[in-house]
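Written below as C-alpha coordinates is the structure these notes are about.
It should be emphasised that the depicted structure is a prediction, and the values quoted were computed from it without experimental measurement.
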Amino acid sequence: MSTIAEATHRSRSHRRIRIDGWRWGGRIFLVFMLLYTALPMVWMLITSIKSGFAAMQFPPQWWPDQPTLASYQKLLDPQNSVGQDFLRFFWNSLFVSTATTILSVIVAVPAAYAFSRFTFPGRNFLFFTVLLRNMFPAVIFLVPLFILMRAIGLVNTHGSLVLTYLTFGLPLAIWLLKGFYDNIPVQLEQAARIDGATRFQAFFLIVMPLSAPGIIATAIYSFIGAWNEYIYAYTFLSKNEQLTLPVGIQRFFSENTTDFPGLMAASFMMSVPVVVLFLVLQRYFVRALTEGAVKH
(Lines give C-alpha, C1' and ligand atoms only; values in the text may rest on other atoms or scores of the structure.)
Protein backbone atom coordinates (compact mmCIF):
# COMPACT_ATOMS: atom_id res chain seq x y z
CA MET A 1 0.00 0.00 0.00
CA SER A 2 2.83 2.36 0.85
CA THR A 3 4.40 1.71 -2.55
CA ILE A 4 1.13 2.58 -4.30
CA ALA A 5 0.76 5.71 -2.17
CA GLU A 6 4.32 6.81 -2.96
CA ALA A 7 3.78 6.22 -6.66
CA THR A 8 0.55 8.21 -6.57
CA HIS A 9 2.29 11.01 -4.69
CA ARG A 10 5.15 11.09 -7.22
CA SER A 11 2.65 11.13 -10.09
CA ARG A 12 0.75 14.06 -8.60
CA SER A 13 3.99 15.93 -7.88
CA HIS A 14 5.20 15.36 -11.43
CA ARG A 15 1.83 16.53 -12.82
CA ARG A 16 1.95 19.61 -10.59
CA ILE A 17 5.46 20.46 -11.74
CA ARG A 18 4.44 19.99 -15.37
CA ILE A 19 1.36 22.19 -14.93
CA ASP A 20 3.42 24.81 -13.12
CA GLY A 21 5.92 24.70 -15.98
CA TRP A 22 3.21 25.48 -18.53
CA ARG A 23 1.83 28.18 -16.26
CA TRP A 24 5.20 29.88 -15.86
CA GLY A 25 5.87 29.50 -19.56
CA GLY A 26 2.60 31.27 -20.27
CA ARG A 27 3.47 34.04 -17.85
CA ILE A 28 6.87 34.54 -19.46
CA PHE A 29 5.25 34.64 -22.90
CA LEU A 30 2.71 37.24 -21.72
CA VAL A 31 5.49 39.38 -20.25
CA PHE A 32 7.39 39.14 -23.53
CA MET A 33 4.31 40.15 -25.52
CA LEU A 34 3.67 43.04 -23.12
CA LEU A 35 7.21 44.33 -23.62
CA TYR A 36 6.94 43.78 -27.37
CA THR A 37 3.80 45.91 -27.60
CA ALA A 38 4.58 48.49 -24.88
CA LEU A 39 8.21 49.35 -25.70
CA PRO A 40 7.38 51.13 -29.00
CA MET A 41 4.87 53.31 -27.13
CA VAL A 42 7.44 54.04 -24.42
CA TRP A 43 10.10 54.95 -26.98
CA MET A 44 7.59 57.12 -28.82
CA LEU A 45 6.81 58.98 -25.59
CA ILE A 46 10.50 59.41 -24.68
CA THR A 47 11.36 60.74 -28.14
CA SER A 48 8.47 63.19 -28.01
CA ILE A 49 9.93 64.93 -24.93
CA LYS A 50 13.39 65.31 -26.47
CA SER A 51 14.78 68.29 -28.30
CA GLY A 52 15.39 68.02 -32.02
CA PHE A 53 19.14 67.61 -31.49
CA ALA A 54 18.75 64.93 -28.80
CA ALA A 55 16.37 62.94 -30.99
CA MET A 56 19.02 62.74 -33.74
CA GLN A 57 21.89 61.63 -31.53
CA PHE A 58 23.66 58.36 -32.24
CA PRO A 59 24.02 56.23 -30.24
CA PRO A 60 20.53 57.16 -29.07
CA GLN A 61 20.00 58.97 -25.80
CA TRP A 62 17.63 56.71 -23.88
CA TRP A 63 16.46 59.43 -21.53
CA PRO A 64 16.86 63.14 -22.36
CA ASP A 65 19.00 65.30 -20.10
CA GLN A 66 16.50 68.13 -20.43
CA PRO A 67 12.98 66.79 -21.08
CA THR A 68 10.68 69.27 -22.74
CA LEU A 69 7.00 69.44 -23.64
CA ALA A 70 7.62 71.91 -26.45
CA SER A 71 6.34 69.48 -29.10
CA TYR A 72 3.03 68.99 -27.28
CA GLN A 73 2.66 72.71 -26.68
CA LYS A 74 3.21 73.37 -30.37
CA LEU A 75 0.67 70.73 -31.39
CA LEU A 76 -2.03 71.98 -29.00
CA ASP A 77 -1.50 75.70 -29.62
CA PRO A 78 -4.11 76.95 -32.13
CA GLN A 79 -2.12 80.16 -32.61
CA ASN A 80 0.57 78.57 -34.81
CA SER A 81 0.18 76.79 -38.12
CA VAL A 82 1.31 73.40 -36.80
CA GLY A 83 -1.21 73.49 -33.97
CA GLN A 84 -4.00 74.62 -36.27
CA ASP A 85 -3.31 71.79 -38.71
CA PHE A 86 -2.98 69.13 -36.00
CA LEU A 87 -6.20 70.12 -34.23
CA ARG A 88 -8.03 70.22 -37.57
CA PHE A 89 -6.72 66.77 -38.49
CA PHE A 90 -7.68 65.47 -35.05
CA TRP A 91 -11.27 66.70 -35.30
CA ASN A 92 -11.53 65.39 -38.86
CA SER A 93 -10.49 61.91 -37.69
CA LEU A 94 -12.84 62.11 -34.73
CA PHE A 95 -15.75 63.10 -36.96
CA VAL A 96 -15.11 60.41 -39.57
CA SER A 97 -14.57 57.68 -36.96
CA THR A 98 -17.61 58.66 -34.92
CA ALA A 99 -19.87 58.88 -37.99
CA THR A 100 -18.60 55.51 -39.22
CA THR A 101 -19.19 53.95 -35.81
CA ILE A 102 -22.74 55.28 -35.47
CA LEU A 103 -23.76 54.24 -38.98
CA SER A 104 -22.09 50.85 -38.61
CA VAL A 105 -24.05 50.11 -35.44
CA ILE A 106 -27.32 51.42 -36.93
CA VAL A 107 -26.96 49.13 -39.97
CA ALA A 108 -25.35 46.10 -38.30
CA VAL A 109 -27.86 45.74 -35.44
CA PRO A 110 -31.02 45.14 -37.56
CA ALA A 111 -29.07 43.21 -40.21
CA ALA A 112 -27.59 40.81 -37.65
CA TYR A 113 -30.96 40.45 -35.94
CA ALA A 114 -32.62 39.58 -39.24
CA PHE A 115 -29.98 36.93 -40.02
CA SER A 116 -30.39 35.49 -36.52
CA ARG A 117 -34.15 35.46 -36.12
CA PHE A 118 -35.76 35.32 -39.57
CA THR A 119 -35.80 32.55 -42.15
CA PHE A 120 -35.91 33.64 -45.77
CA PRO A 121 -34.72 32.22 -49.10
CA GLY A 122 -30.99 32.56 -49.58
CA ARG A 123 -30.28 33.60 -45.98
CA ASN A 124 -27.14 31.49 -45.55
CA PHE A 125 -25.84 32.40 -49.00
CA LEU A 126 -26.40 36.10 -48.35
CA PHE A 127 -24.75 35.90 -44.92
CA PHE A 128 -21.61 34.26 -46.27
CA THR A 129 -21.62 36.69 -49.18
CA VAL A 130 -21.40 39.51 -46.64
CA LEU A 131 -18.34 37.86 -45.11
CA LEU A 132 -16.82 37.30 -48.57
CA ARG A 133 -15.80 40.96 -48.65
CA ASN A 134 -13.22 40.41 -45.89
CA MET A 135 -11.46 37.65 -47.83
CA PHE A 136 -9.73 40.19 -50.07
CA PRO A 137 -7.12 42.85 -49.20
CA ALA A 138 -8.54 46.35 -48.86
CA VAL A 139 -6.21 47.75 -51.54
CA ILE A 140 -7.96 45.66 -54.23
CA PHE A 141 -11.05 47.87 -53.94
CA LEU A 142 -9.11 51.15 -53.94
CA VAL A 143 -9.45 52.02 -57.64
CA PRO A 144 -13.09 50.88 -58.07
CA LEU A 145 -14.18 52.79 -54.98
CA PHE A 146 -12.28 55.89 -56.08
CA ILE A 147 -14.01 55.79 -59.47
CA LEU A 148 -17.36 55.33 -57.72
CA MET A 149 -16.76 58.22 -55.31
CA ARG A 150 -15.65 60.46 -58.15
CA ALA A 151 -18.78 59.58 -60.14
CA ILE A 152 -21.09 60.55 -57.29
CA GLY A 153 -19.07 63.65 -56.39
CA LEU A 154 -17.75 62.56 -52.98
CA VAL A 155 -14.00 62.83 -53.61
CA ASN A 156 -12.39 65.28 -51.16
CA THR A 157 -15.26 64.86 -48.73
CA HIS A 158 -15.48 62.96 -45.46
CA GLY A 159 -18.56 61.18 -46.80
CA SER A 160 -16.38 59.13 -49.14
CA LEU A 161 -14.37 57.83 -46.18
CA VAL A 162 -17.44 57.06 -44.09
CA LEU A 163 -19.05 55.04 -46.88
CA THR A 164 -15.79 53.24 -47.63
CA TYR A 165 -15.12 52.38 -44.00
CA LEU A 166 -18.63 50.98 -43.72
CA THR A 167 -17.80 48.43 -46.42
CA PHE A 168 -14.84 47.30 -44.30
CA GLY A 169 -16.46 47.25 -40.87
CA LEU A 170 -19.98 46.03 -41.56
CA PRO A 171 -19.21 42.37 -42.47
CA LEU A 172 -17.41 41.62 -39.22
CA ALA A 173 -19.85 43.76 -37.23
CA ILE A 174 -22.80 41.78 -38.58
CA TRP A 175 -21.00 38.50 -37.92
CA LEU A 176 -20.21 39.47 -34.31
CA LEU A 177 -23.73 40.61 -33.55
CA LYS A 178 -25.39 37.62 -35.20
CA GLY A 179 -23.41 35.26 -32.98
CA PHE A 180 -24.48 37.30 -30.00
CA TYR A 181 -28.18 37.28 -30.95
CA ASP A 182 -28.03 33.53 -31.55
CA ASN A 183 -27.19 33.07 -27.86
CA ILE A 184 -30.14 35.16 -26.60
CA PRO A 185 -33.08 32.78 -26.02
CA VAL A 186 -35.93 33.50 -28.40
CA GLN A 187 -38.32 32.54 -25.59
CA LEU A 188 -37.67 35.91 -23.96
CA GLU A 189 -39.08 37.69 -26.99
CA GLN A 190 -41.97 35.26 -27.22
CA ALA A 191 -42.87 35.95 -23.60
CA ALA A 192 -42.82 39.69 -24.27
CA ARG A 193 -45.04 39.20 -27.33
CA ILE A 194 -47.51 37.21 -25.23
CA ASP A 195 -47.63 40.10 -22.77
CA GLY A 196 -48.70 42.41 -25.57
CA ALA A 197 -45.43 43.84 -26.83
CA THR A 198 -44.84 44.29 -30.53
CA ARG A 199 -41.81 42.71 -32.19
CA PHE A 200 -40.04 46.07 -32.19
CA GLN A 201 -40.83 46.62 -28.50
CA ALA A 202 -39.60 43.13 -27.64
CA PHE A 203 -36.41 43.78 -29.57
CA PHE A 204 -35.86 47.24 -28.10
CA LEU A 205 -36.74 46.38 -24.49
CA ILE A 206 -35.47 42.80 -24.22
CA VAL A 207 -32.87 42.03 -26.87
CA MET A 208 -31.08 45.38 -27.06
CA PRO A 209 -30.10 45.54 -23.35
CA LEU A 210 -28.89 41.93 -23.43
CA SER A 211 -26.84 42.58 -26.59
CA ALA A 212 -25.15 45.72 -25.24
CA PRO A 213 -21.68 44.05 -24.97
CA GLY A 214 -21.90 42.95 -28.60
CA ILE A 215 -22.96 46.42 -29.74
CA ILE A 216 -20.12 48.01 -27.77
CA ALA A 217 -17.62 45.56 -29.29
CA THR A 218 -18.93 46.41 -32.75
CA ALA A 219 -18.56 50.11 -32.02
CA ILE A 220 -14.98 49.64 -30.78
CA TYR A 221 -14.01 47.68 -33.88
CA SER A 222 -15.57 50.23 -36.23
CA PHE A 223 -14.00 53.19 -34.45
CA ILE A 224 -10.48 51.74 -34.34
CA GLY A 225 -10.62 50.68 -37.98
CA ALA A 226 -11.74 54.13 -39.14
CA TRP A 227 -9.33 55.98 -36.82
CA ASN A 228 -6.21 54.16 -38.06
CA GLU A 229 -6.99 53.88 -41.79
CA TYR A 230 -4.46 55.53 -44.09
CA ILE A 231 -4.59 54.26 -47.70
CA TYR A 232 -8.12 55.38 -48.57
CA ALA A 233 -7.79 58.67 -46.69
CA TYR A 234 -4.57 59.39 -48.59
CA THR A 235 -6.24 58.57 -51.94
CA PHE A 236 -9.63 60.22 -51.51
CA LEU A 237 -8.52 63.44 -49.77
CA SER A 238 -6.17 66.05 -51.16
CA LYS A 239 -7.35 69.26 -49.51
CA ASN A 240 -5.43 70.18 -46.38
CA GLU A 241 -8.55 71.12 -44.42
CA GLN A 242 -10.09 67.66 -45.07
CA LEU A 243 -7.14 65.45 -44.06
CA THR A 244 -7.35 62.98 -41.19
CA LEU A 245 -4.60 62.32 -38.66
CA PRO A 246 -2.92 59.28 -40.30
CA VAL A 247 -2.41 61.35 -43.45
CA GLY A 248 -1.86 64.69 -41.73
CA ILE A 249 1.08 63.67 -39.55
CA GLN A 250 3.19 63.05 -42.63
CA ARG A 251 3.50 66.85 -42.76
CA PHE A 252 6.25 66.48 -40.15
CA PHE A 253 8.41 65.03 -42.91
CA SER A 254 10.07 67.58 -45.16
CA GLU A 255 12.61 67.44 -47.97
CA ASN A 256 15.60 68.42 -45.85
CA THR A 257 14.79 67.29 -42.31
CA THR A 258 12.21 65.58 -40.12
CA ASP A 259 10.82 66.88 -36.85
CA PHE A 260 11.07 63.58 -34.99
CA PRO A 261 9.94 64.90 -31.57
CA GLY A 262 6.91 66.55 -33.18
CA LEU A 263 6.18 63.42 -35.22
CA MET A 264 6.40 61.19 -32.12
CA ALA A 265 4.26 63.59 -30.09
CA ALA A 266 1.58 63.62 -32.80
CA SER A 267 1.73 59.82 -33.13
CA PHE A 268 1.47 59.37 -29.37
CA MET A 269 -1.52 61.70 -29.13
CA MET A 270 -3.12 59.85 -32.02
CA SER A 271 -2.66 56.53 -30.21
CA VAL A 272 -3.99 57.66 -26.83
CA PRO A 273 -7.75 57.84 -27.68
CA VAL A 274 -7.78 54.33 -29.16
CA VAL A 275 -5.78 52.82 -26.29
CA VAL A 276 -7.96 54.48 -23.65
CA LEU A 277 -11.15 53.45 -25.45
CA PHE A 278 -10.06 49.84 -25.66
CA LEU A 279 -8.82 49.68 -22.05
CA VAL A 280 -12.09 51.09 -20.73
CA LEU A 281 -14.35 48.85 -22.83
CA GLN A 282 -12.19 45.76 -23.31
CA ARG A 283 -14.34 43.54 -21.06
CA TYR A 284 -17.30 44.11 -23.39
CA PHE A 285 -15.16 43.31 -26.42
CA VAL A 286 -13.88 40.04 -24.93
CA ARG A 287 -17.37 39.06 -23.77
CA ALA A 288 -18.83 39.67 -27.22
CA LEU A 289 -16.14 37.56 -28.88
CA THR A 290 -16.56 34.63 -26.46
CA GLU A 291 -20.37 34.69 -26.37
CA GLY A 292 -20.54 35.02 -30.13
CA ALA A 293 -18.28 32.01 -30.59
CA VAL A 294 -19.77 29.62 -28.01
CA LYS A 295 -23.27 28.24 -28.34
CA HIS A 296 -25.08 28.10 -25.00
Inspect the surroundings of CH2 in Trp43 and state if more than 12 heavy atoms from other residues, nucleotides or ligands are less than 6.0 Å away.
yes
Determine whether Trp175 and Tyr181 satisfy the following criterion, ring-ring contact (aromatic ring centres under 6.0 Å, His included), listing intermediate values before the conclusion.
CA-CA 10 Å; Trp175 180 77; Tyr181 290 142; over 10 Å; no
Please check if the number of heavy atoms outside Phe32 that lie under 6.0 Å from its CZ is greater than 12.
no
Report yes or no: does Ser222 contribute a side-chain atom to a donor-acceptor pair with the main-chain N or O of Ala219 at less than 3.5 Å?
no
Counting only N and O atoms by type, is there a donor-acceptor contact under 3.5 Å from the side chain of Ser97 to the main-chain atoms of Leu94?
no
Given 3.5 Å as the limit, does a donor-acceptor pair link the side chain of Ser116 with the main chain of Ala112, or not?
no
Rounded to the nearest 0.5 Å, how far does OG of Ser271 lie from CE of Met264?
9.5 Å
Keeping the roles fixed (side chain from Ser211, backbone from Gly214), state whether a donor-acceptor pair exists under 3.5 Å.
no
Any chance OH of Tyr234 has more than 12 other-residue heavy atoms, nucleotides or ligands included, within less than 6.0 Å?
no
Taking a hydrophobic cluster as the set of Ile, Leu, Val, Met, Phe, Trp and Tyr residues connected by side-chain heavy atoms closer than 4.5 Å, whether directly or through intermediates, do Phe268 and Val276 fall within one such cluster?
yes
Connected to Val31, directly or through other members, by ILVMFWY side-chain contacts below 4.5 Å are Leu35, Leu39
Can Phe168 and Tyr232 be said to form a ring-ring contact (aromatic ring centres under 6.0 Å, His included), step by step?
CA-CA 11 Å; Phe168 302 153; Tyr232 282 86; 5.0 Å; yes
Applying a strict under-4.5 Å side-chain criterion to I, L, V, M, F, W and Y, I'd like to know whether Met269 and Val42 cluster together.
yes
From Leu142 atom CG to Thr235 atom OG1, the distance as rounded to the nearest 0.5 Å
4.0 Å
As an exercise, state the distance from CE of Met208 to OH of Tyr113, rounded to the nearest 0.5 Å.
11.5 Å
Partners of Glu229 by salt bridge (Lys or Arg N to Asp or Glu O under 4.0 Å), sequence neighbours excluded?
none
In terms of the angle between their ring planes, are Phe203 and Phe200 parallel, tilted or perpendicular, with boundaries placed at 30° and 60°?
tilted
Chi angles and distances behind the side-chain hydrogen bond (donor to acceptor under 3.5 Å, both in side chains) call for Ser48, Tyr72:
CA-CA 8 Å; Ser48 68; Tyr72 292 96; 2.6 Å; yes
Rounded distance (nearest 0.5 Å) linking atom OG1 of Thr101 with atom OH of Tyr165:
11.5 Å
Looking at Gln66, I'd like to know if its CD atom is crowded, meaning that more than 12 non-hydrogen atoms belonging to other residues, nucleotides or ligands lie closer than 6.0 Å.
no
Between His158 and Phe95, how do the two ring planes meet: parallel, tilted or perpendicular, split at 30° and 60°?
tilted
Is it the case that one hydrophobic cluster holds both Met44 and Trp63, taking links as side-chain heavy atoms less than 4.5 Å apart, direct or via other members?
yes
Just verifying a value: how many Å separate Leu210 CG and Glu189 CD, rounded to the nearest 0.5 Å?
9.5 Å
Under 4.5 Å side-chain linkage, directly or through intermediates, the cluster mates of Leu34:
none
Indicate yes or no: does Lys74 engage Asp77 in a salt bridge with an N to O separation below 4.0 Å.
no
How many angstroms lie between atom CZ of Arg117 and atom CD1 of Ile184, to the nearest 0.5 angstrom?
6.5 Å
What do the steps show when you test Asn92 against Thr244 for side-chain hydrogen bond (donor to acceptor under 3.5 Å, both in side chains), and what is the final call?
CA-CA 5 Å; Asn92 288 342; Thr244 56; over 6 Å; no
Treat each ILVMFWY residue as a node, draw an edge where side-chain heavy atoms are under 4.5 Å apart, and state whether Phe115 and Ile106 are in one component.
no
Gln84 side chain to Pro78 backbone, donor-acceptor under 3.5 Å
yes
Verify same cluster id: Met33, Met41 (apolar side-chain graph, 4.5 Å):
no
